[in-house]
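These notes concern the structure reproduced below.
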Amino acid sequence: MTQEMIRLKWGVGRLIEECQQTPVVIPIWHVGMDTVLPNVKPYIPRSGKRVTVLVGQPFQLHSILTQLRKDQKSPMEKRKVLTDHIQDQFVRLKAETEALHYQTVDS
């Protein structure tokens with residue numbers, strides 16, 4: 001298994017689009033879990049490994065969703081825009097988490 005970031009599915013945007021109340025999204029990213037539980041046999045958890053977990057700033061998509069509805073975007077366009085925004089937040093958080101993880105590993 002690679003450590004490439006894979007694209008979020010549009011179902012994420014659909015969940016938000018169809019909510020009665022716009023939810024608060026709390027992004028979380030971790031680095032190092034692959035050293036605790038590798039994706040290769042034997043699947044035995046390993047202790048004593050470094051894992052970095054970063055919880056990002058909560059955010060809402062209310063203003064984006066309101067604008068999409070005002071512009072009468074199709075359901076598919078709304079899902080894509082919402083999912084892309086969340087993906088962008090994850091990309092930023094991933095970079096911060098990796099920088100923190102490797103800074104502490106190297107020190």
Side-chain angles (χ1 to χ4, degrees):
M1 203 166 210
T2 67
Q3 292 190 5
E4 281 181 44
M5 187 164 182
I6 56 174
R7 178 154 175 72
L8 293 177
K9 306 247 183 206
W10 286 2
V12 172
R14 181 178 183 180
L15 287 171
I16 291 169
E17 178 201 357
E18 294 180 357
C19 281
Q20 296 283 332
Q21 296 181 347
T22 308
V24 174
V25 179
I26 303 173
I28 299 172
W29 196 268
H30 62 81
V31 176
M33 285 300 294
D34 57 326
T35 62
V36 174
L37 187 59
N39 288 317
V40 293
K41 290 183 180 182
Y43 302 112
I44 300 170
R46 297 180 173 103
S47 62
K49 302 296 181 180
R50 183 180 302 271
V51 175
T52 303
V53 178
L54 195 58
V55 179
Q57 290 295 317
F59 62 93
Q60 286 192 338
L61 298 162
H62 182 74
S63 60
I64 295 171
L65 192 52
T66 300
Q67 187 63 47
L68 291 168
R69 288 177 178 152
K70 182 181 171 187
D71 295 343
Q72 298 181 340
K73 298 293 185 181
S74 72
M76 187 169 42
E77 288 174 300
K78 287 187 262 188
R79 293 172 191 162
K80 182 182 182 328
V81 169
L82 293 167
T83 303
D84 286 348
H85 184 79
I86 294 168
Q87 182 89 34
D88 291 343
Q89 298 297 318
F90 276 132
V91 167
R92 287 188 202 105
L93 192 59
K94 176 183 187 272
E96 287 180 51
T97 309
E98 288 175 344
L100 182 62
H101 180 78
Y102 296 116
Q103 171 187 343
T104 55
V105 168
D106 294 339
S107 3

Could you pull out all donor-acceptor pairs under 3.5 Å where a side-chain atom in residues 55-68 meets a protein atom, sequence neighbours excluded?
residue, atom, partner, partner atom, Å
T66, OG1, H62, O, 2.8
Q67, NE2, D71, OD1, 2.9
Q67, NE2, D71, OD2, 3.2

Show every donor-acceptor pair shorter than 3.5 Å between a side-chain atom in residues 79-90 and any protein atom, with sequence neighbours excluded, or say none if there are none.
residue, atom, partner, partner atom, Å
R79, NE, E17, OE1, 3.3
K80, NZ, D84, OD2, 2.5
T83, OG1, G13, N, 3.1
T83, OG1, R79, O, 2.7
D84, OD1, R7, NH1, 3.0
D84, OD1, R7, NH2, 2.5
Q87, OE1, L8, N, 2.7

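Test H101, R50, K94 against V31 for side chain to side chain contact (heavy atoms under 4.5 Å, CB included) and you get one pass: H101.
Residues satisfying the side-chain hydrogen bond (donor to acceptor under 3.5 Å, both in side chains) criterion with E77, sequence neighbours excluded, are S74. Every residue two or more places apart in sequence or in another chain was checked for a salt bridge (charged side-chain N to carboxylate O under 4.0 Å, His left out) with R92, and none qualifies. Residues satisfying the side-chain hydrogen bond (donor to acceptor under 3.5 Å, both in side chains) criterion with R69, sequence neighbours excluded, are absent altogether.
Between V51 and G32, the shortest heavy-atom distance links the atoms CG2-O, 3.8 Å. A pairwise comparison of heavy atoms in W29 and T97 identifies CB-OG1, 3.7 Å as the closest pair. What you find for K49 and R46 is that their closest heavy atoms are CG-O, 3.9 Å.
Clustering of Ile, Leu, Val, Met, Phe, Trp and Tyr by side-chain heavy atoms under 4.5 Å joins L15 with none of the others. Side-chain contacts under 4.5 Å among hydrophobic residues (ILVMFWY), followed directly or transitively, place M76 together with W10.
Linking Ile, Leu, Val, Met, Phe, Trp and Tyr residues whenever their side-chain heavy atoms come within less than 4.5 Å places V91 and Y102 in a single cluster. Linking Ile, Leu, Val, Met, Phe, Trp and Tyr residues whenever their side-chain heavy atoms come within less than 4.5 Å leaves V25 and V53 in two separate clusters. Follow the hydrophobic side-chain contacts under 4.5 Å out from V24 and you reach I28 in the same cluster.
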